[in-house]
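Residue numbers begin at 1 in each chain, while the letters A, B, ... track the order of the sequences.
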Amino acid sequence: MGGGDMPELSYREAVRDALSQAMRRDGDVFIMGEDIAEMGGSMGVTQGMLDEFGPERVRNTPISEMALVGTAIGAAIQGMRPVAEVMYEDFLTLAAEQIVNQAAKHRYMSGGQLKVPLTIRTQGGAGWSPGAQHAQQLEAWFVHIPGLKVLFPSTPTDVRGLLWSAIYDDNPVVFFEHRTLYGLKEDVPDELEPIPIGKARVHRDGEDVTVIATGRLVHESLAAAGQAEEDGVSVEVVDPRTLQPLDEETIVDSVKKTNRAVVAHEAVTRMGFGAEVAAVIQHQAFDWLDAPVERVGAKFVPLPFAPVMEEFVVPHQAEVYEAIMRTVGRNGD
Amino acid sequence: MGGGDMPELSYREAVRDALSQAMRRDGDVFIMGEDIAEMGGSMGVTQGMLDEFGPERVRNTPISEMALVGTAIGAAIQGMRPVAEVMYEDFLTLAAEQIVNQAAKHRYMSGGQLKVPLTIRTQGGAGWSPGAQHAQQLEAWFVHIPGLKVLFPSTPTDVRGLLWSAIYDDNPVVFFEHRTLYGLKEDVPDELEPIPIGKARVHRDGEDVTVIATGRLVHESLAAAGQAEEDGVSVEVVDPRTLQPLDEETIVDSVKKTNRAVVAHEAVTRMGFGAEVAAVIQHQAFDWLDAPVERVGAKFVPLPFAPVMEEFVVPHQAEVYEAIMRTVGRNGD
Amino acid sequence: MAKVEKKGSVSEELLREFFREMLLIRRFEEKVEERFRAGELPGFLHVAIGQEACAVGVCRALEEGDVIASTHRAHGHTLAKGTHPNEVMAELYGKLEGTSHGYGGSMHLYDVERGNLGANAVVGGGLPATVGAALAFKMRDEPRVAVAFFGDGATNIGTFHESLNLAQLWQVPAVFVCENNHWAESTPAKQQLPIEDLTERAAAYGMPAMHVDGQEIEEVYASAVAALDHARGGRGPVFLLLETYRLTGHYVGDPQVYRPKGELQELRETQDPITKLREKLELSDEEFEQADREAHELVEASVEFAKAGTDPRPEDALKNLYA
Amino acid sequence: MAKVEKKGSVSEELLREFFREMLLIRRFEEKVEERFRAGELPGFLHVAIGQEACAVGVCRALEEGDVIASTHRAHGHTLAKGTHPNEVMAELYGKLEGTSHGYGGSMHLYDVERGNLGANAVVGGGLPATVGAALAFKMRDEPRVAVAFFGDGATNIGTFHESLNLAQLWQVPAVFVCENNHWAESTPAKQQLPIEDLTERAAAYGMPAMHVDGQEIEEVYASAVAALDHARGGRGPVFLLLETYRLTGHYVGDPQVYRPKGELQELRETQDPITKLREKLELSDEEFEQADREAHELVEASVEFAKAGTDPRPEDALKNLYA
Ligand SMILES: Cc1ncc(C[n+]2csc(CCOP(=O)(O)OP(=O)(O)O)c2C)c(N)n1
Ligand SMILES: Cc1ncc(C[n+]2csc(CCOP(=O)(O)OP(=O)(O)O)c2C)c(N)n1
Ligand SMILES: [Mg+2]
Ligand SMILES: [Mg+2]
């Protein structure tokens with residue numbers, strides 16, 4: 001954990017590493033959240049950190065999401081750099097007032113007198129049958145709120161570098177992690193390299209279709225791209241990583257090259273982040289598009305419990321693959 | 001109020017009329033909210049209702065949006081038809097957990113055992129310099145949540161007929177009113193006619209561009225359409241009225257006729273409802289579109305206080321007009 | 001502040017029934033742990049081993065028409081409220097025969113017909129609806145009571161505060177049952193509660209409170225009867241605080257690294273409500289074994305029932321969203 | 001629960017200063033009402049006429065480095081915390097010279113340099129940040145206190161509950177100043193509060209409380225000094241309950257149809273903190289008029305300053321969003 005050689009880190013370890021390195025470097029950084037201390041968080045992300053940093057800087061809070069986020073806002077305004085963990089992103093709904101009306105607006109409402117260098121980490125996602133109140137993906141909500149930044153990294157390297165940037169950003173950042181990615185491992189550079197907020201990552205170059213995917217769907221999309229390649233379809237996969245600010249340029253340039261686009265995320269399709277991306281693409285690359293932008297997302301229901309139903313509701317490789325093929329299929333008409 | 005001849009009703013009176021008629025007809029309907037009793041609501045919508053229906057059915061609540069909405073949920077499950085008023089839609093953020101995780105999901109999580117015939121009325125909007133915490137438009141959030149219906153009527157007739165349908169719908173409905181419309185008057189039919197949820201209204205027929213607008217922007221769009229007509233551009237104006245479920249057919253058919261579309265609302269453009277509409281249109285009417293779908297919405301900031309800035313941030317007739325002209329302008333290229 | 005007093009005692013016959021029910025819940029939850037370890041059960045599971053007297057004591061005090069709202073730790077409440085073990089187990093296996101037809105899972109057990117308005121996976125999430133149900137009863141002049149179960153941890157969340165305030169203000173027939181098991185997940189009292197006596201949280205709303213040993217079912221039952229009576233009689237809500245113990249992890253599979261060494265062992269020896277009742281009833285080994293056998297049989301049968309149950313079709317997921 | 005005791009008395013000279021300050025606030029707010037009626041002021045305005053002793057008594061007890069968070073009813077707090085009337089008035093006129101540069105308005109008066117962390121238009125919205133500021137002070141070992149103002153109505157919202165709980169649990173240097181003016185908008189105590197003594201709400205968190213006549217500035221000041229002392233000394237937060245009266249409508253322009261006839265008249269005669277202090281100080285008419293003239297002059301000047309101020313350019317709206 002931290003220090004020494006680290007050829008391979010899991011997504012979980014990468015989050016922990018960014019937190020720990022920032023806390024080692026900087027007394028203003030601290031973490032707070034429910035069950036993050038002795039237990040190391042419901043997902044084990046902060047395991048061991050209490051031992052290293054003590055209970056003042058690894059703060060267990062009572063179950064009170066509003067106060068937990070709001071307290072972090074107050075500390076941030078006083079120059080600390082708190083990282084508040086909201087255990088499941090479904091519970092962002094409990095802190096929504098503080099995030100939307102307070103954190104996002106203080107700077108603006110004061111005419112620029114203060115800043116709110118706050119990071120709110122949260123996680124969620126389907127895949128473990130947690131049921132409807134522990135699995136929805138709500139990133140789209142926060143993209144709609146001026147004053148926030150919204151990050152959603154999908155790999156160990158990205159999550160480490162972006163969390164670092166979030167902590168040191170002077171604005172409130174809502175930082176989404178995906179539960180099923182915590183075990184994902186990857187070689188990462190020895191030195192933690194901050195990743196600039198607002199830069200998309202092109203995971204794979206391609207010529208025929210661009211898939212813009214976030215979170216778990218990045219991996220499903222890469223698999224779908226591999227599958228499509230066998231059919232002779234060359235797929236470019238772009239992960240915006242930062243949903244707000246959005247790297248429109250990378251996305252639009254890619255589509256101008258491929259002339260086709262698929263947007264994929266786990267959240268419900270309707271009013272999901274893909275709607276925004278599709279709207280941007282059709283606007284900025286209108287004359288380049290050879291097919292409508294396809295959207296891949298969850299079906300319009302809450303997450304059901306039974307695994308067969310849950311599996312059916314959220315998208316996987318197959319749905320992305322089919323969407324890819326629909327966009328190229330239009331050529332044939 | 002209610003009864004007798006009523007050639008003309010204001011939007012405010014129309015809301016009151018729907019509530020009152022339902023309460024007269026049906027003992028299960030009651031209203032609750034902050035300051036709705038003696039004061040008649042912060043917007044005067046429920047004035048006089050305490051006198052007619054008494055404090056049991058016109059319930060002032062303490063300042064506690066979570067409990068207010070949640071209590072209504074519980075009463076609804078027991079077969080009442082409560083109408084809960086959340087004074088400003090900014091405060092929906094305080095009740096978000098109850099709306100999103102409870103009201104929207106109870107029926108589904110129980111496998112269909114119960115229903116939640118609840119209406120949550122709220123209002124908001126710019127135009128009176130209320131500042132950043134009393135003016136944002138958040139309808140897009142709720143469109144993203146399966147299990148909810150989302151309504152946003154723009155005229156006295158629509159608000160009356162749709163509120164009636166919301167009250168008698170067996171699902172939770174989030175019902176948005178726009179503050180600047182309360183004084184708007186219109187002749188309405190003597191008899192309250194329920195308006196089906198899920199049916200868009202075509203306000204004006206046109207041949208060259210379709211403007212899909214909601215709330216205050218319906219009126220700005222009608223004005224912009226008139227202006228465009230003077231330039232020889234024929235504009236069709238469609239108000240979805242129901243954002244969820246969405247009448248995609250009416251919208252898409254219109255665009256297939258006009259080959260151009262503008263989406264307009266007061267909410268922030270990014271991740272606003274217009275993103276969804278644009279995504280739907282570009283998908284379903286791809287081969288018909290002669291220009292990208294233009295989006296008109298608020299600039300990406302909270303609502304500033306100073307009137308000159310507020311005015312600049314939210315869209316008006318001019319922005320819709322310009323968007324219309326951009327879509328037809330492309331013909332000339 | 002109004003006083004609510006317990007009255008009467010509980011017949012031995014009734015206590016024996018309670019015993020069988022508590023034992024059934026215990027065996028059911030032990031089976032859940034076992035089937036989880038065997039990899040058969042998806043989702044997040046929380047058992048209430050050690051808290052059986054709370055579930056049974058309160059639910060047996062209810063009358064026809066009363067309703068409950070439960071929490072993430074819902075199996076006991078659900079069984080005690082009358083749902084058959086088959087249906088609960090089938091739900092945990094995600095089957096159509098489950099009490100929520102496979103849509104809910106362990107944290108969303110509903111049985112509306114039997115007055116179970118559902119378990120809630122959001123801490124405090126079910127409290128406002130309990131107030132609302134009670135409000136409906138009051139507005140319609142029905143002699144029914146709505147009961148919310150929740151934990152000590154839940155008394156920290158805003159929903160709790162707003163709900164109790166409203167309930168007391170409107171004098172609705174509700175009973176708020178706080179099962180204080182001294183832990184909220186990994187968080188002990190001293191890290192979440194600046195007071196020791198949680199009845200002070202009811203006093204903040206002028207709500208009468210009762211403070212009871214939740215491991216003694218006779219106490220629980222008698223207080224619940226009194227609290228329900230009070231509420232049903234139009235005298236407003238009651239806060240019923242039950243001191244209890246979670247004789248297991250927070251969730252099934254929890255290594256409990258946060259628990260002081262020895263605590264669990266000691267509590268299991270001194271605070272098991274089933275042992276306590278067994279001793280009080282002076283059950284012979286034979287009597288115990290018979291009850292145990294019956295419980296095991298019911299539980300085994302429930303597993304068989306569940307496994308033989310019908311998996312939903314994937315596209316069933318699109319049903320049951322709108323009425 | 002720890003006891004917090006008031007000590008000492010206030011010099012007459014200081015009281016005279018308080019008087020001038022309270023009078024300035026009164027005249028300022030009367031001017032706001034007047035300019036609103038003249039159609040010059042946009043937005044939603046709430047004046048605190050009748051509550052001046054709370055604002056001045058608390059803010060004058062603060063030390064350099066202490067911070068406050070205010071509410072929708074913020075003019076008095078802001079002036080008492082040291083922002084010049086010119087800047088407050090300019091904000092109400094939406095000018096760049098305003099204390100929030102025209103971005104905030106009456107409900108969002110900020111003056112961070114002077115320790116005013118901002119007025120909040122969401123009831124209870126500023127409480128958690130107050131706890132957070134206090135936490136930062138504590139973590140950095142700075143002898144500073146964070147103070148939240150809020151009303152009786154705010155004690156009903158979840159944010160209040162969660163914030164006080166956390167503050168007490170973590171023993172942060174915060175003072176929670178509840179101005180109980182007996183109304184929340186149009187809602188009287190009996191429609192929102194099931195208890196009479198709001199200090200019971202602090203007891204629910206084990207937080208020491210002080211209960212004071214908010215119309216007697218000497219009382220307010222002395223208790224605030226004691227409360228701040230307690231918090232600054234590392235002994236944790238204090239709940240300071242001030243009984244006060246809103247001698248006007250909820251918002252400027254409020255016809256107050258909900259107020260019992262005669263209430264306002266009677267309160268204005270018996271509960272005006274400025275009259276009370278004037279009588280206590282036995283100010284001569286001459287002394288009073290001099291103070292009044294000075295207040296009027298400052299207020300008039302502030303209106304002139306505001307009107308002569310710079311309107312933001314429309315596109316300034318795009319600034320100040322991100323740091
Ligand atoms: C609002 C919310 N925050 C956090 C959680 C995660 N969580 C689930 S159970 C639990 C602890 C609950 O403690 P308590 O209320 O005492 O009930 P117990 O588990 O002890 O039965 C937590 C923090 C949640 N489900 N809901
Ligand atoms: C969360 C929230 N709900 C409702 C409102 C509308 N509102 C503004 S002030 C007010 C009354 C506040 O009462 P109190 O806290 O006693 O303060 P006072 O106005 O008496 O100073 C209400 C309901 C709001 N601003 N915020
Ligand atoms: Mg507990
Ligand atoms: Mg008040």
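- In this structure, chain D has a heavy atom under 4.5 Å from the side chain of A:Glu97, while its backbone stays farther away.
- Atoms OG1 and CD1, on D:Thr130 and A:Ile73 in that order, are 11.0 Å from each other to the nearest 0.5 Å.
- Contact residues of residues 80-98 of chain D toward chain A are absent (heavy-atom distance under 4.5 Å).
- Heavy-atom pairs under 4.5 Å with chain D were tallied for A:Leu68, A:Asn101, A:Leu148; the largest tally goes to A:Leu148.
- Among the candidates A:Gly79, A:Ser110, A:Gly70, A:Ala104, the residue making the largest number of heavy-atom pairs closer than 4.5 Å to chain D is A:Ser110.
- Both the backbone and the side chain of D:Thr159 come within contact range of chain A, judged by heavy atoms closer than 4.5 Å.
- Remark: D:Asn320 CG to A:Gln113 CD distance equals 9.5 Å, nearest 0.5 Å.
- For the atom pair CG of A:Leu94 and CD of D:Glu162, the computed distance is 7.5 Å after rounding to the nearest 0.5 Å.
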Worksheet item: Does the side-chain contact (heavy atoms from CB on, under 4.5 Å) test come out yes or no for D:Met107 and A:Met109, once each step is laid out?
Response: CA-CA 10 Å; D:Met107 298 199 288; A:Met109 294 190 302; over 6 Å; no

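- Taken from OG in A:Ser64 to CG in D:Leu164, the straight-line distance is 11.5 Å, to the nearest 0.5 Å.
- Distance check: D:Tyr322 OH to A:Ile197 CD1 gives 10.5 Å after rounding to the nearest 0.5 Å.
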Item to complete: Take D:His108 and A:Lys105 through the test side-chain contact (heavy atoms from CB on, under 4.5 Å) and record every step on the way to the result.
Response: CA-CA 10 Å; D:His108 305 296; A:Lys105 296 185 172 54; over 6 Å; no

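- D:Met139 and A:Arg57 get closest at one heavy-atom pair: CE-CG, 4.2 Å.
- In this structure, chain A has no heavy atom under 4.5 Å from any part of D:Ala69.
- Nearest heavy atoms, D:Lys319 versus A:Tyr108: O-CE1, 3.2 Å.
- In this structure, D:Ser163 and A:Ala67 approach most closely via the heavy-atom pair N-CB, 4.1 Å.
- Residues A:Gln78 and D:Phe137 come closest through the heavy atom pair OE1-CE2, 3.5 Å.
- Looking at residues two or more places apart in sequence or on another chain, you find a ring-ring contact (aromatic ring centres under 6.0 Å, His included) between A:Tyr168 and A:Trp164.
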Return all side-chain donor-acceptor pairs below 3.5 angstrom for residues 166-179 of chain D, not counting sequence neighbours, or 'none' if the list is empty.
from: D:Gln168; atom 1: NE2; to: D:Gly206; atom 2: O; distance (Å): 3.0
from: D:Gln171; atom 1: NE2; to: D:Gln168; atom 2: O; distance (Å): 3.0
from: D:Glu179; atom 1: OE1; to: D:Gln51; atom 2: NE2; distance (Å): 3.0
from: D:Glu179; atom 1: OE2; to: D:His77; atom 2: NE2; distance (Å): 2.6

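- Using a 4.5 Å heavy-atom cutoff, the side chains of A:Gln98 and D:Pro128 are in contact.
- For the 3.5 Å distance criterion, the side chains of D:Asn120 and A:Gln102 qualify, holding a donor opposite an acceptor.
- The two residues D:Leu321 and A:Asn171 have their closest heavy-atom pair at O-OD1, 4.3 Å.
- Considering only heavy-atom pairs separated by less than 4.5 Å from chain D, the leading option among A:Pro146, A:Pro172, A:Pro82 is A:Pro146.
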Fill in: Test side-chain contact (heavy atoms from CB on, under 4.5 Å) applied to D:Leu135 and A:Arg59, step by step
CA-CA 11 Å; D:Leu135 175 65; A:Arg59 294 193 160 258; 3.5 Å; yes

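- The two residues A:Asp170 and D:Ala323 have their closest heavy-atom pair at CB-CB, 3.7 Å.
- The greatest number of non-hydrogen atom pairs below 4.5 Å with chain D, out of A:Met32, A:Lys149, A:Arg107, is found for A:Arg107.
- The contact list for residues 306-316 of chain D toward chain A, using heavy atoms and a distance under 4.5 Å, is empty.
- Here A:Ala75 is the residue among A:Gly112, A:Ala72, A:Ala75, A:Pro117 with the most heavy-atom pairs under 4.5 Å with chain D.
- Annotation for A:Glu249: atom CD does not count as buried by contact number, only 12 or fewer foreign heavy atoms lying within 6.0 Å.
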